[in-house]
Amino acid sequence: MKNYTTKEIRNVVLIGSSKSGKTTLSEAMLYEGKVIERRGTVEAGNTVSDNSEFEQTNQKSVYATPLYAEFKDRKFNIIDAPGSDDFSGGALAAFKVCETGILVVNAQQGVEVGTTIFSRYADRYGIPLVVAVNQLDHEKANWEQTKASLKEAYGKKIAFVQFPINPGSDFHSFIDVLTMKYYNFKDDNGTREELEIPAEYAEITEQLHEELMETAAEGKDELMEKYFETSELTIDEIREGLSEGVKKGVVMPVFCLSAKKDIGVKRLMEFVINVGRSPEGIEADTIDGGKVVCSPDGQTSLFIYKTAVEQHLGEVSYFKVMSGVLKEGMDLINPETGNSERLSAIYAVAGAKKEKVSEISAGDIGCVMKLKAGKTNTTLAVAGSEAICHMVFPDSKYRCAVKAKDKNDEAKVGEALNKIAAQDPTIIVEYSKELRQTILSGQGEQHINLVKWRLKNEFKLDIELFAPKIPYRETITKVATAQYRHKKQSGGAGQFGEVHLLVCPYVEGEPAGNKFKIDGKDTVLNIKSSESYDLEWGGKLEFFNCVVGGAIDVGFMPAILKGVNEKMSEGPLTGSYARDIRVYVYDGKMHPVDSKEIAFIVAGRNAFKEAFRNAGPKIMEPIYNVDIITPSEFVGPCMSDLNTRRGMIIDQEMDGNFTILHAKVPLAELYRYSTTLSSLTGGSATFSMNFSDYQPVPGDVQTKLLAEYAATESDED
């Protein structure tokens, strides 16, 4: 392979809904690029892209696979991204290193939920899109319906560059209104002939050509002036105008394909060459607020966007050269750690095929093996360079607890899960001290099932997945007092400590008071000192020393505070963390010999526990913002289901054929919600979720939680 210059490179990511044919399209692109001599199929399990055992067995993409094709003196780096939102992390990583997205739309279904999801992601990440309407050879292909759904979903952005002549099982030709040619395909291997446009299609072709010129003219002032004057633009001028519109994200050109028969694939690739962006001159933000300009003349810098462990190869780090020229054997530095890495061998990538190259220019994509610390989101560069900003992935929307079936494998399971999470940043593994569980989080149940499959098949470990405990919080709603004396005599020196304290709710923005009713009397506390703590689990603790007359030596206050903290980290109601409380220590007793730190820890803990239980205690539960995108015909079932989950609909809005429901739902009601939503909507809806706040649980729920905890609670000293 020759070394391609930055201008000669095109980086494209294939995105779209499941079953839209992205993998089949990538296979046709590789065939046109002479990387393969024969196209594989998903059904046969022999495609270059879906090359893992799981993908071949399940006939679906779960990894974003990097590929390349050499076509018309250009290098196409292609990333075939999964179509399921459960595996969207691969597409989001690809957005970091690609300049163009090809949005693949199934001609049988038109715009689907997955189409909408991934086009929204692309818009959020600033990736311009070209639309490829695929599977026009299917007997159920419906061009008119697909065209209408595109217009409804994307409005004026849609620009039809082509239209099919005979969509359906006999599809073999289309008219291109940019080149004004009729393309007829004589076989299933992309062999095409360019013919004159048949007379019966002349009128519609002229109409679409006129619309395309208008769209192109809007992309550039000079073109608009010429179009007003002459009502004509040349092919090159149309390309120039479309290129500007695509770059700005205001134009989405539409192409007609049958990737299975290699119809239209070559023409799509030609368009990306002529209109799509090369990476040259594109800027990447750095962690320190600077910019790295993609140019072969800059200092060598690369960004690792993906890592994987591959059979017989070990850990493979996939990267894009962000600037300069990467040469075999270079020593580069991680700007964030200062550690050095030697890239002894570098490769161009087409799925499992790795071709060794001597150098890679800025903008190109490749891989390297067995780096010491070549993890995802790592920058490697010459000394003095800045680190590229990390990729940010969506919040998890599926969480479960995990444990090894064999207790002896617990450490091995933890180690394996950490390795998997290092390869996939959308997998989160954490041990919760609060819940005493290992929590596994991902983008959906399919995502988690892939982790389980990998543990069993790659690491030979069996695990159990089950509903995780809920991180409840405990707080109080009114003022209460309590006192506790700890007295222990054991032959020699004893233990003695007595604490009188008052608790009341902490409310942000409200100043701490000092006037309370204690033992039925109005009392003004003399605050001698105060401490305020932002609790690591959220909320506040404010601690006031109001002891007068030396009833408790000031040296014992830290011990009392420690006792309070101990009980706040294991709340009196359910053992959950307590929060948002003010504690006033106003009296007590000590013994000149027997008073010790441990005595005041115990006294402080138990006095706080008793006061807490008398202060209108309330259990708080985590509430999540849930946004559901569903075809409008399923809005009713979705809303009914949310009601059964104690959800509250906040708002809803229309987006084409889809409705977006905005709701707040308790986390306790969201376990396996993705599975239920898929069942309710036939797999056509999706959702996202993120933490909102803590709110009091209903009375019946609190009663149930208290009963459950009482059954397991052990007596304290």
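The only option from Tyr183, Phe163, Phe255 that meets the ring-ring contact (aromatic ring centres under 6.0 Å, His included) definition with Phe174 turns out to be Tyr183.
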Exercise for the section: In sequence, state the C-alpha distance, the side-chain angles, and the governing distance for Thr146 and Leu136, and then conclude on side-chain contact (heavy atoms from CB on, under 4.5 Å). Expected result: CA-CA 10 Å; Thr146 299; Leu136 281 163; over 6 Å; no
Practice task
Go through the steps to decide whether Arg10 and Thr100 satisfy the test side-chain contact (heavy atoms from CB on, under 4.5 Å), and finish with yes or no.
Solution key: CA-CA 8 Å; Arg10 298 291 184 273; Thr100 304; over 6 Å; no
Exercise for the section: Please assess Thr376 against Thr307 for the test side-chain hydrogen bond (donor to acceptor under 3.5 Å, both in side chains), listing each intermediate value before the final yes or no. Expected result: CA-CA 6 Å; Thr376 300; Thr307 55; 3.3 Å; yes
Exercise for the section: Take Tyr31 and Val265, measure what side-chain contact (heavy atoms from CB on, under 4.5 Å) needs, and give me the verdict at the end. Expected result: CA-CA 10 Å; Tyr31 177 76; Val265 176; over 6 Å; no
Exercise for the section: Walk me through it: do Thr115 and Tyr154 pass the test side-chain contact (heavy atoms from CB on, under 4.5 Å)? Expected result: CA-CA 11 Å; Thr115 318; Tyr154 304 109; 3.7 Å; yes
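Shown here are the side-chain hydrogen bond (donor to acceptor under 3.5 Å, both in side chains) partners of Tyr182, two or more places apart in sequence or in another chain: Ser173. For Ser679, there are no side-chain hydrogen bond (donor to acceptor under 3.5 Å, both in side chains) partners at least two apart in sequence or on another chain. Every residue was checked against the side-chain hydrogen bond (donor to acceptor under 3.5 Å, both in side chains) condition with Lys19, not counting sequence neighbours, and none meets it.
Taking the side chain as every heavy atom from C-beta outward, Val133 and Trp143 approach each other to under 4.5 Å. For the pair Pro425 and His390, the minimum side-chain heavy-atom distance is 4.5 Å or more. Side-chain atoms of Val48 and Glu27, non-hydrogen and from C-beta on, do get closer than 4.5 Å to each other. Side chains of Phe303 and Asn377 form a contact here, defined as non-hydrogen atoms less than 4.5 Å apart. The closest side-chain heavy-atom distance from Pro253 to Val275 is not below 4.5 Å. At a threshold of 4.5 Å between non-hydrogen side-chain atoms, the residues Thr6 and Val321 do not count as touching. Counting only heavy atoms from C-beta outward, the side chains of Asp73 and Glu8 never approach each other to under 4.5 Å. Looking at Ile628 and Tyr673, their side chains come closer than 4.5 Å, going by heavy atoms from C-beta outward.
Under the 30°/60° scheme for interplanar angles, the aromatic rings of Tyr398 and Tyr671 are found to be tilted. Relative orientation of the Tyr318 and Tyr305 rings is tilted, given thresholds of 30° and 60° on the angle between their planes.
Listed here is the closest heavy atom pair of Ile15 and Ala91: CG2-CB, 4.3 Å. The nearest pair of heavy atoms linking Ile78 to Ala69 is CD1-CB, 4.2 Å. Asn46 and Thr41 make their closest contact through OD1-N, 2.8 Å (heavy atoms, listed as atom of the first residue, atom of the second, distance). The minimum heavy-atom distance linking Ala141 with Gly168 is given by the pair CB-N, 4.3 Å.
Residue pairs meeting the salt bridge (Lys or Arg N to Asp or Glu O under 4.0 Å) criterion with at least one member in residues 79-106, sequence neighbours excluded: Asp85-Lys397, Glu99-Lys320. Residue pairs meeting the side chain to side chain donor-acceptor pair (under 3.5 Å) criterion with at least one member in residues 346-370, sequence neighbours excluded, are Asn3-Glu359, Asn3-Ser361, Tyr68-Glu355, Lys75-Asp364, Asn77-Asp364, Glu310-Lys354, Glu328-Lys356.
Counted within 6.0 Å of NZ on Lys260, heavy atoms from surrounding residues, nucleotides or ligands total 12 or fewer; the atom is thus considered open. Enclosure of atom NZ in Lys2 by more than 12 non-hydrogen atoms of other residues, nucleotides or ligands within 6.0 angstrom is indicated. Within a 6.0 Å radius of CD in Glu43, other residues, nucleotides and ligands contribute more than 12 heavy atoms.
In summary, Glu458 and Lys419 do not engage in a salt bridge, as defined by a charged side-chain N under 4.0 Å from a carboxylate O. With respect to Lys375 and Glu315, a salt bridge is recorded, a charged nitrogen being found less than 4.0 Å from a carboxylate O. The residues Lys181 and Glu194 are annotated as salt-bridged, a charged nitrogen and a carboxylate oxygen being separated by less than 4.0 angstrom.
Between the Asn58 side chain and the Phe54 main chain, a donor and an acceptor come within less than 3.5 Å of each other. Not one N or O on the side chain of Asn189 forms a donor-acceptor pair closer than 3.5 Å with the backbone of Thr191. Under a 3.5 Å cut-off, the side chain of Asn418 and the backbone N or O of Glu415 do not form any donor-acceptor pair. Side-chain atoms of Thr378 never come within 3.5 Å of backbone atoms of Gly374 as a donor-acceptor pair (strictly under, hydrogens ignored). Panel note: side chain Lys60, backbone Ser84; no donor-acceptor pair is recorded below 3.5 Å. Remark: the backbone N or O of Val111 is paired with a side-chain donor or acceptor of Ser149 at under 3.5 angstrom. No donor-acceptor pair closer than 3.5 Å links the side chain of Ser678 to the backbone N or O of Ser674. Of the possible donor and acceptor atoms, none in the side chain of Gln108 sits under 3.5 Å from a partner among the backbone N and O of Lys140. Asn134 places a side-chain N or O within donor-acceptor distance of the main-chain N or O of Ser20, the cut-off being under 3.5 Å. In this structure, Thr116 contributes its side chain and Glu112 its backbone to a donor-acceptor pair below 3.5 Å.
No hydrogens or angles considered: a donor-acceptor pair under 3.5 Å links the side chains of Ser632 and Thr659. Between the side chains of Thr23 and Ser61, a donor-acceptor pair is found at a separation under 3.5 Å.
Here the straight-line distance linking atom OG of Ser441 with atom CG of Asp395 works out to 10.0 Å at 0.5 Å rounding. The distance from the OH atom of Tyr201 to the OG1 atom of Thr205 is 9.5 Å, given to the nearest 0.5 Å. Here NZ of Lys157 is found 8.0 Å from OG of Ser119. Values are rounded to the nearest 0.5 Å. The NZ atom of Lys247 lies 6.0 Å from the CZ atom of Arg277; values are rounded to the nearest 0.5 Å. How far CG of Asp50 is from OG1 of Thr24: 8.5 Å, rounded to the nearest 0.5 Å. Between the CZ atom in Phe658 and the OG atom in Ser684 there is a gap of 7.5 Å [rounded to 0.5 Å].
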Could you pull out every donor-acceptor pair under 3.5 Å between side chains of residues 266-274 and any protein atom, sequence neighbours left out?
| unit_1 | atom_1 | unit_2 | atom_2 | d |
| --- | --- | --- | --- | --- |
| Arg267 | NE | Asp176 | OD2 | 2.6 |
| Arg267 | NH2 | Asp176 | OD2 | 3.3 |
| Glu270 | OE1 | Arg192 | NH2 | 3.4 |
| Glu270 | OE2 | Arg192 | NH2 | 2.9 |
| Asn274 | ND2 | Glu270 | O | 3.2 |

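Aromatic pair Phe171/Phe185: centroids not less than 6.0 angstrom apart.
In this structure, Lys403 satisfies the cation-pi test against Phe466, with its NZ or CZ atom closer than 6.0 Å to the six-membered ring centre and inside 45 degrees of the ring normal.
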